[in-house]
Each structure stands twice: as C-alpha cells, then as structure tokens.
> 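The following block contains the structure, expressed as structure tokens.
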Number of protein chains: 2
Amino acid sequence: MRLSTRAQYAVRAMVDLTLNSNGSPVSLREIASRENISLNYLEQLFHRLKKGAVVLSVRGPGGGYLLARDSASIRLGEIVTLVEEPLAPVACMDEGKKGCTRGDVCVTHMVWQGLGERIRGFLDSITLADLVREARGEEKR
Amino acid sequence: MRLSTRAQYAVRAMVDLTLNSNGSPVSLREIASRENISLNYLEQLFHRLKKGAVVLSVRGPGGGYLLARDSASIRLGEIVTLVEEPLAPVACMDEGKKGCTRGDVCVTHMVWQGLGERIRGFLDSITLADLVREARGEEKR
DNA sequence: TAATAGTTGACAATAATAGTAAGGTATGCT
DNA sequence: AGCATACCTTACTATTATTGTCAACTATTA
C-alpha cells in the first residue's frame, strides 16, 4: 500500500513551486536542487501536471512553471492522481471481469471501493494552499 | 496506490473460510479451488495469518484452518497488515532521515501520515463478521 | 546566435510482487 | 505399520512497475 515517490515528489515540488514563486516562473532546475530530485524525473512529472492543467509552462531563459490556478483550488488528490495513474487500490473495477460472480468477491470488492473513496476524499480535503500555509508557519519558528 | 493481491486474496480467503466452516477445519485446497488462488501461494499467506493469530491450524487428514477468534473481533486492518508488511503509504517514518529538515518535506510528511491513519482506520472499522453477514445476504437473492 | 529551459521518447537498473516447486513434518485412518 | 492428507518451510523464478537516465529537439530571450 505504498504511495509512489512520483506522488510524493509531485506534491513536494508543487509546494516548493508555490512557496518560491513571486509571480514569475520557477525553473525545474531550482526545484530539483532544492528538493533533491532528479531534474529529468521532475520534467516527466511536470509534463503530466501540465497536461492536467495545474501548472503552466513558460519556455526560454527566465522561464519555468507557474500555478495554473489559485493554490486554494488545487487539491492534493488532483496532483496525486495526475502522476500516479491508478489511485484505486484494486484493478478489478475495469470491466465485467468474470470471477466477480462469486458472492464473496463482490463483498470484498465493495471494501476496496470504499477504501479508494476514503483515500481520494482525504487527499481532496487538502489544498496546496493549506500546505503552503503550514510550511510558512513552520519556517517562522 | 495499489493494494497487493496478497491482501485481496487474504481477505477473500478469510471470508471463504468463515463462510464454509461449521466448526470443523477448512483445508486450503478447498479454499484455493473455490477462490481460484494458487495453493502454494495461499499456504504462504496463511502462514502469516497463523503467526498473526487470526487462524489456527489442524494438521493431518481432515485438517485445515479455523478462525482463532470470533469473526466479529477480526478486523480487516489486521488481515491486511499481516500479509502486506508496510501499510504506511510512505517509507520515511523510519529513522531521523536527513532531508526531513526541510520545512516543506515535513509538511507533506504529515499528509502521508494522516493518509495512513485514514486507511488503517477504515480497514479497522470493518470486521470479518461484517463481510460474512453481507455475503450471506447476497447469496439469498 | 548562444544560452536557457521546457518537450519528448527511448531505454536501463532496480526492486517488489506474484507465483512455482519441492521437500519435510505431523496426524488420522485402515 | 504405512499410507494419504494437509499443513510447514524454504528456495527460486518470472513478471511487472517503479525509478530513474540519456539524448535529442524546440521555443524563447538576451
């Protein structure tokens, strides 16, 4: 039941981006060195984040990434889902998989579904702004 | 964020075991064929379940496994934890890992911790008896 | 035009998962 | 006694996903 490092990196990078952006783009190079994440790997992650419309890119010197929306409207569930394809804990919700005819299979199926909803619900209850606020609070100490 | 098949198998097998036990042991062979799980694999899982004291074993002909306790006192969290070593979504709670000195790392850390608690909490809120009751209800239709 | 920085696709190393195989041990039945 | 059952245990293999790395390309600015 491990979360991929992709998800962890993505969230950390988004916090870093928000924290260090003064309206101007932040380059992945900065984020990579601050957060100690491979630059190439980060690029892949931000590609997905851009496709998911949580960030915008600016090319060329002085370029980098910007939040596409207000940090208060970006939920962790979004970020995590974008970089980690299946958030659902189990593969069998795909089609009318045979095997799901057995009674007890369906019973456990409902459990995994409920679990997925809890996970998603929890992550969606936290916004990027929440994390950034906390991070700023911690810095002051 | 996928749950291992181990966890899924273990829960299904435990439901099957409870459903098909009339006080006498149920052999893994039966469970394996009913649930369509490899016998050898099931044996490994039940080894862990036995070590975790949720089942008892009876050797020899007519032997098999029995619940070690009432099904109402066996929580899914227990079963899942026993067969899937780390339930925590993230590896970094181990030691005083360097890197956790950065402010935002700790912020996200709290998120993963909270997530782990939700997962565990949800799974612990469901007992084997709950699932069995539902499975019996579904059969009647 | 040179440097920056995002864009993209292919590839490789590593680790975890999932499953197989095989032999051993305890027990009950005939 | 001895055979069959079924648990017990360890070792091994294959597959897959993750986690990266590499390299070439495109857009933009100074």
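Below, chains carry the letters A, B, ... as their sequence lines are ordered, and counting in each starts from 1.
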> In Watson-Crick or G-U wobble terms, both distances under 3.5 Å, what is the partner of D:dA30?
C:dT1
> Please state how far atom CZ in A:Arg2 lies from atom P in C:dT14, giving the value in whole angstrom units.
20 Å
> Which part of the nucleic acid does B:Arg6 contact within heavy-atom distance under 4.0 Å: base, sugar-phosphate only, or nothing?
sugar-phosphate
> Return the value, rounded to whole Å, for the distance between atom CG of B:Leu45 and atom P of C:dT17.
13 Å
> For the side chain of B:Gln44 and the base of C:dT20, is some donor closer than 3.5 Å to an acceptor across the two?
yes
> Specify whether A:Tyr9 and A:Tyr41 have parallel, tilted or perpendicular ring planes, treating 30° as the upper limit for parallel and 60° as the lower limit for perpendicular.
perpendicular
> Do other residues, nucleotides or ligands put more than 12 heavy atoms under 6.0 Å from A:Asn36 CG?
no
> So with a 6.0 Å cut-off around CG of A:Asn20, is the heavy-atom count from everything else above 12?
yes
> Mark yes or no for whether B:Asp124, through its side chain, and B:Gly121, through its backbone, hold a donor-acceptor pair below 3.5 Å.
no
> I'd like to know if B:Glu43 reaches the base of C:dT20 with its side chain, counting only an N/O donor and acceptor under 3.5 Å.
no
> Given D:dT5, D:dG20, C:dA3, which nucleotide is nearest the side-chain atoms of B:Pro61?
D:dT5
> Would you say a side-chain N or O of B:Ser4 is under 4.0 Å from OP1 or OP2 of C:dT17?
no
> Assign A:Val55 to base, sugar-phosphate, or nothing according to its heavy-atom contacts below 4.0 angstrom with the strands shown.
nothing
> Less than 4.0 angstrom between a side-chain N/O of B:Ser27 and OP1 or OP2 of D:dT5, yes or no?
no
> For a side chain to side chain contact (heavy atoms under 4.5 Å, CB included) with A:Val111, tell me which candidate from B:Ile126, B:Val11, B:Val80 qualifies.
B:Ile126
> For the pair made of CE in A:Met1 and C1' in C:dT17, what is the distance, rounded to whole Å?
15 Å
> To the nearest Å, give me how far apart OH (B:Tyr41) and C1' (D:dT9) are.
16 Å
> Once you apply a heavy-atom cut-off of 4.0 Å, does B:Tyr65 come out as touching a base, just sugar-phosphate, or nothing?
sugar-phosphate
> Can you check whether B:Thr5 has a side-chain N or O nearer than 4.0 Å to OP1 or OP2 of C:dT17?
no
> Are more than 12 heavy atoms, taken from residues, nucleotides or ligands other than A:Arg69, located less than 6.0 Å from that residue's CZ atom?
yes
> Taking CG from A:Leu39 and C1' from C:dT7, how many angstroms apart are they, rounded to a whole number?
12 Å
> Between A:Lys50 and C:dT7, does any side-chain N or O lie under 4.0 Å from OP1 or OP2?
yes
> When you get a sec, tell me which of C:dG19, D:dT19, C:dG6 is the closest nucleotide to the side chain of A:Ser57?
C:dG6
> From CZ of B:Arg48 over to P of D:dT9, roughly how many Å is that when rounded to an integer?
13 Å
> Is the base of D:dT29 touched by the side chain of A:Arg59 through a donor-acceptor pair closer than 3.5 angstrom?
no
> Send over the distance from B:Ile37 CD1 to C:dG19 P, rounded to a whole Å.
9 Å
> In whole Å, what is the span from the NE2 atom of B:His47 to the P atom of C:dG19?
20 Å
